Amino acid sequence: MPILQQCLTWLRDFDHLADSRSTPLNRRQPAAVFLVAIAFLVTLMSFSRYQVAALLPLAIYPALLWGFSPLSLARLASFLLLVEPIIICLGILHPWLDTRPVTVAGFVFAQGWLVFLSLLVRGTLATSSVLLLTTTLGLDGLWRGLRQLRVPAWLVLQMALTYRYILVLLEETERILTAYRLRSGRRTGVRLGDWGSLAGGLFLRTYDRAGRVHQAMLLRGFATHNPSPVPPGTWVAQDYLYVLLWFAFFALVRTHDLPSWLGQSLERIFPW
Amino acid sequence: MHMADALISPAVGGVFWAATAGLAAHSARKIRDNPEQPDIPLMGVMGAFVFAAQMINFSIPGTGSSGHLGGGLLLAILLGPWRGFLTLASVLLIQCLFFADGGLLAWGCNVFNLGFYTCFLAYPLLYLPIRGAQPTRRRLVIASLVAAVVGLQLGAFSVVLETLFSGVTSLSLGAFILLMQPIHLAIGVVEGLATAALVCYVWRVRPEILAPASGQSGTGAGSAILSRRSVLLSLAVLALLVGGFLSWFASPSPDGLEWALEKTAPAEAEVTPEPDIRSTLAVWQEKTAILPDYGFPADPEEPASLEAEEAEAWPAVNAGTSLAGVVGSALTLLLAGLVGLVVSRWHRLASG
């Protein structure tokens, strides 16, 4: 499927995904959910590039988010497939560049493989956690969370407008491209000579539309430099508990190699 | 050129988040001086336009490949540098949150790489002087091309530095530069051509929309042109960032004072202190520090970081990862998966 149609399908689906959902996570203040997500990313990225096993307990966080998220595993995997190639391209060079040998479970291989694996694990966990955060919170939760984190109201409003207009303009772009394709025989892509007028035409319509939108907003009492604030929301004990528990877990993972401890404990119980 | 979270460390991500937030606040203050312009709706819709225009790929003659618009320079040309920068920042945040394109922790880096160089350096220092007071089609094409190429080259170089400072890759500076710069030279030419095609079209059809040339009146939103002071301020921010980071690459050898102290007091190094509260705290600090000694925490699984081990004969290096570690890792992943599955099932059952 062309990327434009993929984007359109995803945006249309997204609007329905997180609407009117009531999960324990949706009942938390969005700022609390955001704070934990940022702490997760900071913890994940603070490990050294040679660590793979110690990162794995952090997978519990995106796994839990997925449990509450309406995003299917297949859809999540399709997003990861878009992102992973970039990480693979950069990471795959390491086994040849960093050839010092390491021994893991009796096997000797180049240390660069550790870097490659570590990059893959980080990429997968980070990308999935951000996507799951977005789908779990939904649009309303996302904007509220940003406001609660003191992101300026005008920036949040601008983002909300941009998001809304992306869908409208993508649909318009799809119509323009379909019309162009139908008139250009078997040619794929747009000729550079035509590109300027195609994108330029879209721009001029967009520009005029922005003016009309602004006029309509002013008529409805919108003040450009003082957009109405989002209700701040009140934190309850569960919100504090949610943040504290996750922070404690991240600190534990950061300071202790849990998989090694688990393996050694098992070895003591069931010697192999 | 969107950086993923996997490529940066919290320290680098944090520094660039702070730099981007500072630039955004400064840009917002600049825009406030111009209250008659339809800022938010125009910026919102233009952000969406850049997103949509990036979907219109054009074929590159003779190569069989295609290219698309970048956005940073175009936004600076159409909206002015301040609005352009803020619009790009929100587009990048949307791309990160909804499309997994670029990371959340890496958002500051991405805005800096794609927005700072194009809006605050390439646009005022290259595009505007080349375009001149009396723009012609030829001047517009050359200005767009040069500014896009230079802006993207600086952005690509910034990616190299940020990745290397983050310490997530073993690539050397030279190898990484050779990987990044040539490909972004080609991409820069393509982006420059796309920007030029669009700018020329708008200039021909609705010239009043483009930033007015000096002395002309214009209603376009691009009229906020950077002052010399602002350009200098931008360069100062850049110098501060680069200078701050380059200090991390300082020689691992002791500096003059440290060398002198080592030479004059060798006996002190051999004294083993009694374990006390300070040493206990130091152990904890080492465990929890994100960048201890401007590097990553010493890792038992990191043989390469230990200089002494480099001297050992092959294959004496051992990562210290036993079979127990591998089994533990597999179990941890299994547990994480199970947690997700159980919560998902429970939640679906509970919600009917």
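Everything numeric in this text was worked out from a predicted model, so none of it was measured. Sequence lines set the chain letters: A, B, ... in the order given, protein chains first and strands last, and positions in each chain run from 1.
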Open item on the list: I'd like to verify something: which residue of Thr43(A), Val168(A), Leu64(A) has the highest number of heavy-atom pairs under 4.5 Å with chain B?
Closed with: Leu64(A)
Task: Validation row: Val91(B), Tyr163(A) side chains within 4.5 angstrom (heavy atoms) - done: no
TODO: Check each atom of Leu119(A) against the heavy atoms of chain B and say whether the ones under 4.5 Å are side chain, backbone, both or neither.
DONE: both
TODO: Any chance you could measure Leu131(A), atom CG, to Leu97(B), atom CG, to the nearest 0.5 Å?
DONE: 9.0 Å
Open item on the list: When you measure from the side chain of Arg49(A) to the backbone of Gly167(B), do you find a donor-acceptor pair of N or O atoms at a distance under 3.5 Å?
Closed with: yes
TODO: Pick whichever of Leu161(A), Ile60(A), Leu41(A) has the most heavy-atom pairs under 4.5 Å with chain B.
DONE: Leu41(A)
Task: Greatest number of heavy atom pairs closer than 4.5 Å to chain B - which of Tyr180(A), Tyr61(A), Phe79(A), Trp261(A) - done: Phe79(A)
TODO: Evaluate side-chain contact (heavy atoms from CB on, under 4.5 Å) for Val130(A) paired with Asp5(B), printing each intermediate quantity in order.
DONE: CA-CA 10 Å; Val130(A) 172; Asp5(B) 277 336; 4.3 Å; yes
Open item on the list: Suppose we screen for ring pair (Phe, Tyr, Trp, His ring centres under 6.0 Å). Which residues come up paired with Trp203(B), at least two apart in sequence or across chains?
Closed with: none
TODO: With a 4.5 Å cut-off on heavy-atom pairs, point out which of His94(A), Gln215(A), Arg122(A) contacts chain B the most.
DONE: His94(A)
TODO: Let me know if Ser172(B) has heavy atoms under 4.5 Å from chain A in its side chain, its backbone, both or neither.
DONE: neither
TODO: Could you tell me which non-hydrogen atom of Met45(A) sits nearest to which non-hydrogen atom of Leu105(B), and how far apart they are?
DONE: CG-CD2, 3.6 Å
Task: Distance (rounded to the nearest 0.5 Å) between Leu155(A) CG and Met43(B) CE - done: 8.0 Å
TODO: With the side chain counted from C-beta on, respond yes when Thr162(A) and Phe51(B) share a heavy-atom pair under 4.5 Å apart, and no when they do not.
DONE: no
Open item on the list: Is there a side-chain contact between Ser90(B) and Met159(A) in this structure, where contact means two heavy atoms from C-beta onward sitting under 4.5 Å apart?
Closed with: yes
Task: Residue selection (most heavy-atom pairs with chain B, distance under 4.5 Å) from Ala126(A), Ser129(A), Ser197(A) - done: Ser197(A)
- [ ] Measure distances from Val199(B) to the heavy atoms of chain A and classify the residue's part below 4.5 Å as side chain, backbone, both or neither.
- [x] neither
Task: Residues in salt bridge (Lys or Arg N to Asp or Glu O under 4.0 Å) contact with Arg206(B), at least two apart in sequence or another chain - done: Asp208(A), Glu208(B)
Task: Nearest-0.5 Å distance, CZ of residue Phe49(B) to OG1 of residue Thr173(A) - done: 8.5 Å
Task: Side-chain touch Leu142(A)/Phe98(B), heavy atoms, less than 4.5 angstrom - done: yes
Open item on the list: Report which part of Phe203(A) has an atom under 4.5 Å of a heavy atom belonging to chain B: side chain, backbone, both, or neither.
Closed with: both
TODO: Output the distance between atom OH (Tyr201(B)) and atom CG (Asp194(A)), rounded to the nearest 0.5 Å.
DONE: 11.5 Å
TODO: Using a cut-off of under 4.5 Å on heavy-atom pairs, state which of Gly196(A), Pro152(A), Ala37(A), Gly112(A) scores highest against chain B.
DONE: Gly196(A)
Task: Heavy atoms from other residues, nucleotides or ligands near CZ of Arg205(A) exceed 12 (cutoff 6.0 Å) - done: yes
